[in-house]
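Have a look at the structure below before the remarks.
Both counts, for ligands and for their atoms, begin at 1 and track the order of listing. For reference, positions follow the sequence shown, starting with 1. Only a predicted model underlies this, so the values are computations on that prediction, with no experimental measurement involved.
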Amino acid sequence: MRYLSTRDKRTRFMPADAITMGLARDGGLFVPEVLSRLSTNSLKSMCDMTYQQRAVFIMTPFLEDFTASEIGSYTNKAYSPEKFDTPEIAPIRPIETNTFFLELWHGPTSAFKDMALQMLPHLLTASLKKKLEKKNVCILVATSGDTGKAALEGFRDVDRTRIMVFYPRDGVSEVQKLQMVTQEGRNVGVCAVEGNFDDAQNGVKAIFSDENFRDRLEGKGFFLSSANSINWGRLLPQIVYYVSAYCDLVKEGRIFLGETVHVCVPTGNFGNILAAYYAKKMGLPIGKLLCASNSNNVLTDFITTGTYNRNRQFHTTISPSMDILISSNLERLLFDLSGRDDELVAWYMQQLSETGCYSVNPTIKSKLDNLFWANYCDDEKTKLVIRAVYGKYNYLIDPHTAVAYDVLNHYRYKTGDYTPAIVASTASPYKFCDSVLSALGERTDASGLELILKLSELTGTTPPKPLLELGNKAVRFDMSVKKDEMLRVVEDMLK
Ligand SMILES: *Cc1c(COP(=O)(O)O)cnc(C)c1O
């Protein structure tokens with residue numbers, strides 16, 4: 001299977017190229033030329049497989065320059081007992097007969113980013129070998145919290161890679177910060193940037209577009225790459241857990257093989273829900289794709305009106321991983337729904353960068369209506385939902401997951417459609433202790449670690465081990481710089 005750019009479909013790329021390049025030269029995103037089919041029989045056979053085996057089964061057809069045994073060795077390393085605290089890897093947690101939380105946060109950093117970022121380093125380093133690339137990779141990440149830690153953990157001590165993560169000094173949760181500044185590994189660096197996420201992000205973009213720096217880097221035997229969710233190597237592993245969840249539901253007798261389930265996803269960059277869309281297109285019996293946003297509801301408006309408009313106020317919320325106004329992966333959906341009209345997609349994206357706004361044509365709009373339903377949930381409601389779910393089901397959810405659950409309920413109430421639904425649970429509640437405790441009516445004026453213990457005591461639940469161990473770890477990275485000093489920090493790391 002080859003890959004095309006969403007802005008120019010004339011050239012076909014091998015998977016290893018798509019993964020090492022990340023983004024196409026024309027600024028487009030790589031998409032598979034065809035999607036493999038999941039027949040009812042293949043779903044049936046996957047019911048008896050482990051998560052790792054399912055991952056090999058699903059990913060192999062997409063990676064034609066890799067063998068199944070290579071992919072098998074990556075999945076065994078990525079989804080190993082050392083990394084994930086449950087052998088199911090992505091367990092289903094039913095709370096009602098027709099509502100199933102898909103827990104995607106049992107990996108080393110307690111957020112769903114691990115599902116992909118444990119896999120990406122294996123795909124990337126193997127791609128370098130296949131392409132006979134001599135240079136090593138220098139990965140730069142600007143993070144609002146979850147991506148940075150998951151990327152650090154995924155790339156730590158991985159041969160031929162260096163990774164530098166920049167986070168906004170005042171823009172991440174206590175626990176998230178502690179996770180990053182105590183990061184272990186010989187090839188990692190972490191640095192706070194004075195300012196907000198946009199400052200960190202713009203700083204990284206400036207480094208990427210500095211030709212002079214790229215030349216110096218090449219002289220040292222490195223090229224720049226990024227670990228954000230536009231890389232196909234991050235999206236592909238996300239298709240796996242939707243299929244796996246479906247198989248688990250069949251196996252446990254909660255649905256019958258072939259039965260339709262809806263999927264509801266707390267959405268930011270549109271990566272996670274796009275993976276569900278691909279799974280549906282491959283033949284998984286998914287009904288509606290429910291797109292849940294917080295107060296940054298640019299996607300709610302887009303899906304309901306067909307107009308994408310980023311010219312609006314940015315809100316800082318208690319579900320920070322969804323505080324996004326430009327959802328990059330939407331471009332892949334537009335490419336598909338337009339019947340692969342690369343010129344139209346390029347035109348929409350040009351309008352977006354020049355005016356911050358574009359409207360899709362009626363054909364795309366009607367496809368959107370059939371596939372998706374969207375709504376949003378603000379912070380106040382999010383806290384009520386966390387409290388209500390805990391009260392009613394004795395089950396703790398994080399703010400992102402609460403947003404999704406609220407949107408599912410909203411959909412059901414509005415439409416009367418009570419089809420079984422999978423809700424993507426994207427972070428452990430312990431990662432956002434302060435918001436969760438405050439939702440439960442508790443005080444939160446304490447350190448990150450104290451809050452973890454307090455939540456545990458209050459609810460009788462066990463915190464993820466890596467979070468508990470944060471207290472014993474030394475702070476390794478206490479550097480904080482101005483935006484214009486970021487380049488020097490990267491150069492120092494590569495000395
Ligand atoms: C990244 C993230 C999201 C948003 O996922 P996208 O793929 O960017 O839409 C939602 N919840 C959590 C906890 C996240 O870390």
Every pair of nitrogen or oxygen atoms between ligand 1 and the protein that is under 3.5 angstrom apart - can you list them with their distances to 0.1 Å?
unit_1   : atom_1 : unit_2 : atom_2 : d
ligand 1 : 7 (O)  : Gly271 : N      : 3.2
ligand 1 : 7 (O)  : Asn272 : N      : 2.9
ligand 1 : 8 (O)  : Asn269 : N      : 2.7
ligand 1 : 9 (O)  : Gly268 : N      : 2.7
ligand 1 : 9 (O)  : Asn269 : N      : 3.2
ligand 1 : 9 (O)  : Phe270 : N      : 3.1
ligand 1 : 11 (N) : Thr426 : OG1    : 2.8
ligand 1 : 15 (O) : Lys113 : NZ     : 2.6
ligand 1 : 15 (O) : Asp146 : OD2    : 2.6
ligand 1 : 15 (O) : Ser321 : OG     : 3.4

Do the charged groups of Asp114 and Lys83 touch, with an N to O distance under 4.0 Å? no
Is the closest basic N to carboxylate O distance between Asp406 and Lys381 below 4.0 Å? yes
Before accepting this row, confirm whether a basic side-chain N of the pair Glu184/Arg156 lies closer than 4.0 Å to the acidic partner's carboxylate O. yes
Just checking, is any N or O donor in the side chain of Lys149 or Gln183 under 3.5 Å from an acceptor N or O on the other one? yes
pair Asn309-Val298: side-chain heavy atoms closer than 4.5 Å: no
Hey, mind stepping through Asp248 and Arg54 against salt bridge (charged side-chain N to carboxylate O under 4.0 Å, His left out) and telling me if it holds? CA-CA 11 Å; Asp248 284 341; Arg54 290 169 183 166; 2.9 Å; yes
